[in-house]
Number of protein chains: 2
Amino acid sequence: MTETQVRPLRRDAQRNRERIIEAAHEVFATRGFAATLDDVAHHAGVGVGTVYRRFPTKEALVEAVFTDRLEDMITLAEEALAAPSAWDGLVDFFRRAARMHAGDRGLRDAALTMDQHHFARIGELMVPLLHQIIDRAHAEGTLRADASMHDFPIILAMITDLAQNSAACRPELYERYLQLIVDGLRARPDNGDLGPQLTEDDVQAVMKECVPPLKSR
Amino acid sequence: MTETQVRPLRRDAQRNRERIIEAAHEVFATRGFAATLDDVAHHAGVGVGTVYRRFPTKEALVEAVFTDRLEDMITLAEEALAAPSAWDGLVDFFRRAARMHAGDRGLRDAALTMDQHHFARIGELMVPLLHQIIDRAHAEGTLRADASMHDFPIILAMITDLAQNSAACRPELYERYLQLIVDGLRARPDNGDLGPQLTEDDVQAVMKECVPPLKSR
DNA sequence: AGGAAGTTGAGGAACATCCTCCGTTTCGGA
DNA sequence: TCCGAAACGGAGGATGTTCCTCAACTTCCT
């Protein structure tokens with residue numbers, strides 16, 4: 001194992017580091033990747049310079065804050081696969097993911113751009129799981145055949161964006177429209193035609209537009 | 001009738017006014033209300049001052065640009081009501097509205113905040129029409145009972161936001177998710193529970209978040 | 001105690017947006 | 001044709017935002 005820290009941090013530095021991560025979590029939760037390192041510093045009750053010393057780029061901070069929480073999403077996916085009913089597993093996964101992302105816009109931004117940053121590793125774990133979740137529901141015959149795993153991030157992006165926009169007045173509103181979409185995902189003889197499938201590249205291109213860039217300049 | 005122009009404009013001024021409106025349409029179409037009057041001026045090949053002289057506020061320009069197009073949406077709604085099938089009328093209205101808004105983000109921004117600006121008049125025409133469209137589909141039994149007219153702007157906002165985000169790579173992508181939602185809007189015995197209805201105020205509050213403010217400061 | 005490690009936050013650089021102002025140009029009626 | 005009113009242009013000041021550095025100061029640890 002390679003320890004990233006060559007030298008142990010001084011005690012005060014370590015304390016500040018933790019404070020910063022905690023503050024970053026709070027700030028990112030409401031403002032998403034659009035949050036500023038200055039924001040984070042003030043929230044942590046620490047000078048801006050301290051933040052920049054510890055986390056030279058926003059990306060480094062994001063990584064420190066969200067790695068664990070993204071791993072939680074892997075667990076969520078595994079649970080979906082373990083559910084007796086493929087459909088219930090899928091829907092539950094959707095709901096719980098949406099709930100997590102609705103309550104933490106930073107997590108949402110991180111999850112939707114997993115392929116970038118240093119989260120690619122987690123993304124590589126997630127893809128096959130998601131694939132299985134979808135395949136299983138297809139096999140069960142409950143998920144409409146023309147829906148694919150690539151629809152998942154797009155739907156989540158839409159729904160959680162609404163969650164953000166309604167957070168102030170009706171924080172749970174997104175559930176209504178998630179339900180609507182879930183009902184639209186059921187296999188049914190008289191469903192309309194969804195048109196051509198998405199590709200992986202399409203998804204990534206769209207996600208890039210849905211999430212503010214980490215480097216603003 | 002009250003003519004707004006007390007004096008006729010000089011010929012060059014009139015020409016420029018038209019140029020500005022045309023350029024504004026183009027600029028708003030891609031950037032929405034976030035577009036700048038400076039943007040519009042450059043696009044029109046005209047000095048910034050000219051724009052500010054003719055349209056002292058962004059609101060005045062927006063009004064000049066979108067009144068006609070919003071009236072087109074009234075026509076659209078009337079056609080929906082005239083369709084033999086309530087469901088088909090509703091879905092067609094949805095699709096055509098989405099298509100218009102997807103192709104013109106300024107129109108979208110204007111439509112979603114109709115109640116503000118000077119478009120309130122058009123909004124007052126639209127509300128009863130939308131009401132009838134929805135009622136008729138409810139009466140027909142094809143639209144799920146727990147969907148209401150207030151869902152319309154929210155769904156449209158979500159879908160057209162996606163359209164914006166996918167405009168560069170897959171401009172027609174939104175149709176896929178609109179179809180998904182439309183399929184979710186059908187009355188069905190095993191549909192999930194949508195939860196509490198929206199109020200008019202909820203919708204307006206959410207829309208305010210979905211559209212950039214005309215006054216940026 | 002002393003030096004290394006750490007902290008601070010004011011402030012400069014690099015933008016973006018808004019909108020005014022006045023020297024110049026153009027129009028159109030006399 | 002001419003001239004005054006109308007219109008134009010666009011540089012630039014005011015304001016705001018974000019990023020990040022740096023030099024003076026403080027804290028830790030041996």
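No experiment lies behind these values; they were computed from the predicted model shown. Naming: A, B, ... by sequence-line order, numbering from 1 per chain.
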Partner of B/Q14 under side-chain hydrogen bond (donor to acceptor under 3.5 Å, both in side chains), chosen from B/E18, B/R11, B/R17, B/R10: B/E18
Spacing between A/R53 atom CZ and C/dG9 atom P, to the nearest angstrom: 15 Å
d(CG, B/L214; P, C/dC18) in whole Å: 11 Å
Listed nucleotide nearest any side-chain atom of A/V48, set C/dA10, C/dG28, C/dT7: C/dA10
Spacing of A/L9 atom CG relative to D/dC28 atom P, expressed in whole Å: 14 Å
More than 12 heavy atoms of other groups within 6.0 Å of A/E78 CD: yes
Heavy-atom pair with the smallest gap, counting every atom of A/A97 and A/M73: CB-CE, 3.9 Å
DNA chain D-proximal residues of residues 31-39 of chain A, any heavy atom under 4.0 Å: A/T36, A/D38
Side chain A/R11 and base D/dT27 donor-acceptor under 3.5 Å: no
Minimum-distance nucleotide to A/R15 side chain [options: D/dC28, C/dC18, C/dT8]: D/dC28
Nearest-angstrom distance from the residue atom CZ of B/R17 to P of D/dA6: 18 Å
side-chain N/O B/N16 vs D/dA7 OP1/OP2, d < 4.0 Å: no
Sugar-phosphate, base or nothing in reach of A/R54, heavy atoms under 4.0 Å: sugar-phosphate
Parallel, tilted or perpendicular: rings of B/F28 and B/F33 (30°, 60°): perpendicular
Integer-rounded Å distance: C/dC19 C1' and B/E59 CD: 17 Å
Residue pair B/Q197 / B/H150, side-chain donor-acceptor N/O under 3.5 Å: no
B/D161 side chain near A/M158 side chain, heavy-atom distance below 4.5 Å: no
Nucleotide nearest A/Y52 (side chain, heavy atoms from C-beta), chosen from D/dC8, D/dC20, C/dT7: D/dC20
Distance in angstrom units between B/H42 NE2 and C/dC18 P, rounded: 13 Å
OP1 or OP2 of D/dA7 under 4.0 Å from side-chain N/O of B/T50: no
Atom pair CG (A/L129) and CD1 (A/I134), whose distance is rounded to the nearest 0.5 Å: 11.5 Å
Comparing B/R10 and B/R19 on DNA chain D - which has the more 5′ nearest nucleotide: B/R10
